[in-house]
There are 2 protein chains.
Amino acid sequence: MAEDSAPHGTAPIQPESVSDATLRGLIGYSMKRAFMVIRADLARTLEPFELRMMTFTALTLVADNPGLSQSQLAQAMAVERPNLVVIVDELETRGLITRDRVPTDRRTYALHITSEGAQLLARATRAVHQHENGIMGKLTAEEEAALIATLKRIEASGGRS
Amino acid sequence: MAEDSAPHGTAPIQPESVSDATLRGLIGYSMKRAFMVIRADLARTLEPFELRMMTFTALTLVADNPGLSQSQLAQAMAVERPNLVVIVDELETRGLITRDRVPTDRRTYALHITSEGAQLLARATRAVHQHENGIMGKLTAEEEAALIATLKRIEASGGRS
DNA sequence: TATTGTTATACTCTATAACTATA
DNA sequence: TATAGTTATAGAGTATAACAATA
């Protein structure tokens with residue numbers, strides 16, 4: 001093992017470089033660090049559209065699943081219903097989606113994207129794909145597919161009671 | 001002007017199942033979902049030890065790099081210095097680490113793990129490895145190594161100016 | 001009684017600005 | 001002036017409890 005490069009110190013010697021070798025093998029540690037990088041990058045990409053990761057995700061899901069309810073959206077986004085309310089509020093206030101009453105069940109709202117929302121989403125999606133290419137550009141198509149497949153399996157394995 | 005929202009003819013019918021096919025190809029989306037599962041699982045694993053992901057990480061890094069400063073620890077953990085203070089406070093209050101003054105530079109502290117801290121860390125680390133095996137058990141050794149290597153490359157690619 | 005959407009609340013994580021004490 | 005640690009603060013994300021309206 002390599003000793004410190006300041007041999008004259010007594011007890012409190014500060015290491016030249018910090019080793020994270022023990023943690024590096026843990027999937028939680030590696031995943032967190034990679035995710036933080038991606039999240040920060042995505043936030044920068046979405047900033048010009050005044051979207052965050054959560055609002056972008058919600059907008060995309062509403063666009064792809066017209067008429068879905070807030071409960072359905074919350075479940076799809078893996079967040080609790082109370083947390084979704086503010087997200088839907090924000091998108092509705094900005095005129096990007098609508099909350100439509102459902103005649104057959106007056107408790108629920110059917111969410112729809114507006115033409116404004118669709119336009120913004122189209123531009124944001126282009127920017128996101130462009131930025132993903134920048135990050136994933138160094139990976140081969142096989143590596144990228146393997147990564148996403150592995151992540152999906154990890155996600156599925158976490159179905160906890 | 002007619003605020004014609006939502007595609008015409010789209011009745012407010014709620015879809016049977018919600019599709020996230022558009023998002024699934026985005027690394028940010030897949031990574032977030034997998035990370036959330038792992039984070040929740042890790043939190044449950046560390047709960048009996050009254051540790052969180054951040055305090056466990058800090059404790060491990062202090063154990064592996066005796067005498068490191070808070071600035072070094074903050075940089076290693078990729079968090080801002082102010083956020084690290086409360087983490088170190090908590091670990092010190094619980095008697096798991098010590099803050100030792102450095103004679104050669106009285107501005108800095110040298111962090112050291114205590115024997116209590118080392119004992120707790122050993123038990124927590126065993127539990128974490130056991131739980132990681134539970135999550136990663138469905139992956140082959142090659143898949144696991146490939147995943148960690150890919151995550152590391154993604155992390156490195158995000159070195160933003 | 002159960003469910004949808006909601007309000008209120010709290011805790012964690014992250015970030016920035018500004019202060020102190022040292023260098 | 002520059003740096004290490006600190007305080008204060010703010011913004012997100014996430015979680016639970018409890019409520020009104022509706023089923």
Side-chain angles (χ1 to χ4, degrees), chain A residues 12 14 28-29 31-33 35-44 46-47 50-58 67-92 97 99-111 158 160, chain B residues 12 14 28-29 31-33 35-44 46-47 50-58 67-93 97 99-111 160:
Chain A
Q14 306 194 332
Y29 181 76
M31 182 108 72
K32 178 182 183 176
R33 295 182 71 96
F35 177 62
M36 280 184 66
V37 165
I38 287 186
R39 182 157 57 94
D41 207 52
L42 192 54
R44 269 191 302 267
L46 291 173
E47 199 181 26
E50 292 180 272
L51 289 171
R52 301 185 310 282
M53 193 168 181
M54 297 300 280
T55 50
F56 172 77
T57 302
L68 87 172
S69 69
Q70 294 186 193
S71 286
Q72 287 178 314
L73 182 55
Q75 191 178 7
M77 290 178 66
V79 301
E80 299 301 315
R81 269 77 71 204
N83 299 323
L84 189 73
V85 173
V86 290
I87 294 172
V88 171
D89 278 349
E90 181 181 332
L91 293 175
E92 188 193 28
I97 67 172
R99 270 196 258 232
D100 304 324
R101 277 285 180 206
V102 177
T104 57
D105 186 344
R106 290 171 44 72
R107 292 174 301 180
T108 80
Y109 287 113
L111 305 178
R160 246 328 184 49
Chain B
Q14 309 192 333
Y29 180 77
M31 182 108 71
K32 178 182 183 176
R33 296 183 69 96
F35 176 63
M36 280 183 67
V37 166
I38 287 186
R39 181 156 57 92
D41 207 54
L42 191 54
R44 268 191 301 266
L46 291 174
E47 198 180 27
E50 292 180 89
L51 289 172
R52 301 186 310 283
M53 193 170 182
M54 296 300 280
T55 51
F56 172 77
T57 301
L68 87 171
S69 69
Q70 293 187 194
S71 287
Q72 287 178 313
L73 183 54
Q75 190 178 8
M77 292 179 64
V79 301
E80 297 302 316
R81 269 77 73 203
N83 299 322
L84 189 72
V85 173
V86 290
I87 294 171
V88 171
D89 278 350
E90 181 180 333
L91 294 175
E92 188 193 27
T93 299
I97 66 171
R99 269 195 258 232
D100 304 323
R101 276 287 178 205
V102 176
T104 57
D105 187 343
R106 290 171 43 74
R107 292 173 303 182
T108 80
Y109 287 113
L111 305 178
R160 249 322 184 51

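Per chain, numbering begins at 1; letters A, B, ... match sequence-line order. As the structure is a prediction and not an experimental result, all values here were calculated from the model.
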Give the rounded distance in Å between these two atoms: CZ of A:Arg107 and C1' of D:dT22. 6 Å
Side chain to side chain donor-acceptor pair (under 3.5 Å) with A:Gln14: which of B:Thr104, B:Asp105, B:Thr108? B:Thr108
Nearest 0.5 Å, please: how far is CD in B:Glu50 from CD in B:Glu90? 9.0 Å
Atom CZ of B:Phe56 to atom C1' of C:dC13: distance rounded to whole Å? 18 Å
For the student: nearest non-hydrogen atoms of B:Met36 and A:Ala78, plus distance: CE-O, 3.7 Å
Within the structure, does a side-chain N or O atom of B:Ser71 lie under 4.0 Å from either OP1 or OP2 of D:dG5? yes
Nearest-Å distance for atom pair CZ/P, residues A:Arg39 and D:dA12: 12 Å
Can you list, by residue number, the residues of residues 76-88 of chain A that have a non-hydrogen atom closer than 4.0 angstrom to DNA chain D? A:Val79, A:Glu80, A:Pro82, A:Asn83
Does a side-chain N or O from A:Gln70 land closer than 4.0 Å to OP1 or OP2 of C:dT6, or not? yes
Minimal non-hydrogen separation, A:Gln70 against A:Val85, with atom names: NE2-CG2, 4.2 Å
Take A:Asp89 and A:Ala40, find for each the nucleotide of DNA chain C with the closest heavy atom, and name the residue whose nucleotide sits nearer the 5' end. A:Asp89
Rounded distance (Å) that lies between atom C1' of D:dG11 and atom CZ of A:Arg52: 9 Å
Report yes or no: does B:Thr93 contribute a side-chain atom to a donor-acceptor pair with the main-chain N or O of B:Asp89 at less than 3.5 Å? yes
Mind listing the closest non-hydrogen atom pair of B:Met53 and B:Phe35 along with its distance? CE-CE1, 4.3 Å
What is the distance, to the nearest angstrom, from the CE atom on A:Met54 to the C1' atom on D:dG11? 15 Å
Rounded distance in Å - CD (A:Glu90) to C1' (D:dG13): 13 Å
Which distance, rounded to the nearest 0.5 Å, do you find between the CG of B:Leu68 and the CG of B:Leu73? 5.0 Å
By nearest-heavy-atom nucleotide on DNA chain C, the more 5' of A:Arg99 and A:Lys32 is A:Arg99
Output the rounded distance in Å from CG (B:Leu51) to P (C:dT12). 13 Å
From D:dA23, C:dA23, D:dT6, nucleotide with atom closest to B:Tyr109 side chain: D:dT6
Kindly say if A:Arg106 contacts the phosphate of D:dT22, meaning a side-chain N or O under 4.0 Å from OP1 or OP2. yes
Integer-rounded Å distance: C:dG5 C1' and A:Leu73 CG: 13 Å
